[in-house]
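For reference, the structure is listed below as structure tokens.
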Amino acid sequence: MLHKIDHIGIAVQSIDAVIPFYRDQLGMKFLGSEEVAEQKVRVAMLCVGESKIELLEPTSPDSPVARFLEKSGQGIHHIAYEVEDINSAIAKLVSDGARMIDEKPRHGAHGTLIAFVHPKSSQGVLTELCQSAD
Ligand code: ZN
């Protein structure tokens, strides 16, 4: 069902403040940033090899990422796995008894379709399924 880890999501107070660490000190390639209004976040992607890091900055105090930062501070927010067919991946998890945050895929950054598994069904790690744009 899963192909690989697509990216690791990291919650940050300010993308601009942390970009120099990832891009300049670690030497990762900056792939761009965009706002995902549906999730009230600004997202920046960097890559090393075929692995990506997704920086998440809240754009509103009621953003889920803002609440995460309040509770836990900056740090790893979720792990995203690439799937070929997100609808069948969701259907399989649901039929296996998993609780989903998203029972229907929604739009992520860079034209992807994403769905989150509820942390109660993913052993405490917020888990994202991610189908890339063709
Ligand atoms: Zn993500």
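Atoms within each ligand, like the ligands themselves, are counted from 1 in listed order.
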Quiz item: Between the side chains of His78 and Glu54, is a donor N or O closer than 3.5 angstrom to an acceptor N or O?
Solution: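 Yes - a donor-acceptor pair under 3.5 Å links their side chains.
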
Exercise. Just jot down the side chain to side chain donor-acceptor pair (under 3.5 Å) partners of Arg67, sequence neighbours excluded, or say none.
Key: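 Result, side chain to side chain donor-acceptor pair (under 3.5 Å) vs Arg67: none returned.
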
Quiz item: Any chance CD of Gln123 has more than 12 other-residue heavy atoms, nucleotides or ligands included, within less than 6.0 Å?
Solution: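 Counting other residues, nucleotides and ligands, CD of Gln123 stays at 12 neighbours or fewer.
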
Exercise. Spell out the protein N/O/S atoms under 2.8 Å from the Zn ion (ligand 1) as residue plus atom name.
Key: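 Checking every protein N, O and S atom gives His7 NE2, Glu54 OE1, His78 NE2, Glu128 OE1.
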
Quiz prompt | Tyr22: ring pair (Phe, Tyr, Trp, His ring centres under 6.0 Å) partners, not counting sequence neighbours | solution =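 With sequence neighbours excluded, Tyr22 shows a ring pair (Phe, Tyr, Trp, His ring centres under 6.0 Å) to no residue whatsoever.
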
Exercise. With sequence neighbours left out, write down each residue that passes side-chain contact (heavy atoms from CB on, under 4.5 Å) with Lys40, or none if nothing qualifies.
Key: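 Listed in chain order: Thr59, Ser60, Asp62, Ser63.
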
Quiz prompt | Asp16/Arg42 salt bridge by N-O under 4.0 Å criterion | solution =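 Looking at Arg42 and Asp16, the cut-off is met.
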
